[in-house]
Undergrad: 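I have a structure I would like to understand better, so I am pasting it below and will then ask my questions one at a time.
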Amino acid sequence: LETRDLNALTQSAFEALTGEQIAALTTEQTVGLSTAHIATLSSAQITSLTSDDVAVLSSRQLAALDGPQSFGTLPR
């Protein structure tokens, strides 16, 4: 898949990706994900990212990871 194809997935389709599927993304695909898609990653999906993936994320993408998934079901 091209990064544009990943970014074209609906939120529910992106959320349905397994950790294994997230782990299979290249670093180039990960860095190309929209902030909105990054924000929908679940805790399980986040743990599938490699250190190389996290190292290339922008500050906006990293900030998007600090969402509800980091705190389970607690309100923000």
Side-chain angles (χ1 to χ4, degrees):
L1 285 174
E2 297 290 327
T3 304
R4 70 175 177 265
D5 299 323
L6 291 167
N7 283 324
L9 292 174
T10 64
Q11 180 177 344
S12 59
F14 194 76
E15 289 172 344
L17 294 175
T18 66
E20 187 174 281
Q21 290 169 313
I22 295 294
L25 297 178
T26 66
T27 301
E28 291 77 21
Q29 288 172 314
T30 303
V31 75
L33 291 173
S34 71
T35 303
H37 281 83
I38 293 282
T40 67
L41 290 172
S42 68
S43 296
Q45 289 170 317
I46 291 170
T47 60
S48 298
L49 295 172
T50 67
S51 57
D52 289 340
D53 291 333
V54 175
V56 297
L57 293 177
S58 70
S59 58
R60 292 182 76 159
Q61 288 171 313
L62 289 171
L65 290 175
D66 187 26
Q69 75 280 0
S70 302
F71 304 104
T73 57
L74 296 175
R76 288 199 88 179

Undergrad: For the atom pair CD (E28) and CG (D53), what is the distance rounded to the nearest 0.5 Å?
TA: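 Atom-to-atom, E28:CD and D53:CG are 9.0 Å apart.
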Undergrad: Quick one: do V31 and L62 end up in the same hydrophobic cluster if we chain Ile, Leu, Val, Met, Phe, Trp and Tyr together by side-chain heavy atoms under 4.5 Å apart?
TA: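 As far as the 4.5 Å side-chain criterion goes, L62 and V31 are not connected within one cluster.
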Undergrad: I'd like to know if V54 and V56 are part of one continuous hydrophobic network [Ile/Leu/Val/Met/Phe/Trp/Tyr, side-chain heavy atoms within less than 4.5 Å].
TA: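 No: no chain of side-chain contacts under 4.5 Å links V56 to V54.
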Undergrad: Checking side chain to side chain contact (heavy atoms under 4.5 Å, CB included) between L49 and each of T30, L25, I38, which is the one that passes?
TA: T30
Undergrad: Under the ring pair (Phe, Tyr, Trp, His ring centres under 6.0 Å) rule, what pairs show up with a residue in residues 10-37, not counting sequence neighbours?
TA: F14-H37
Undergrad: On a heavy-atom basis, which atom in T27 and which in D52 lie closest, and how many Å separate them?
TA: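 Of all heavy-atom pairs spanning T27 and D52, the closest is CG2-O, 3.9 Å.
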Undergrad: Hey, can you pull the donor-acceptor pairs under 3.5 Å for the side chains in residues 2-9, sequence neighbours left out?
TA:
| from | atom 1 | to | atom 2 | distance (Å) |
| --- | --- | --- | --- | --- |
| D5 | OD2 | E2 | N | 3.1 |
| N7 | OD1 | S34 | N | 2.8 |
| N7 | ND2 | G32 | O | 2.9 |

Undergrad: Just how far is it from atom CD1 of I22 to atom OG1 of T47, taken to the nearest 0.5 Å?
TA: 10.0 Å
Undergrad: Could you check whether any side-chain N or O of Q61 sits under 3.5 Å from a backbone N or O of L33, counting only pairs where one atom can act as donor and the other as acceptor?
TA: yes
Undergrad: When you measure from the side chain of Q45 to the backbone N and O of L17, does any donor-acceptor pair fall under 3.5 Å?
TA: yes
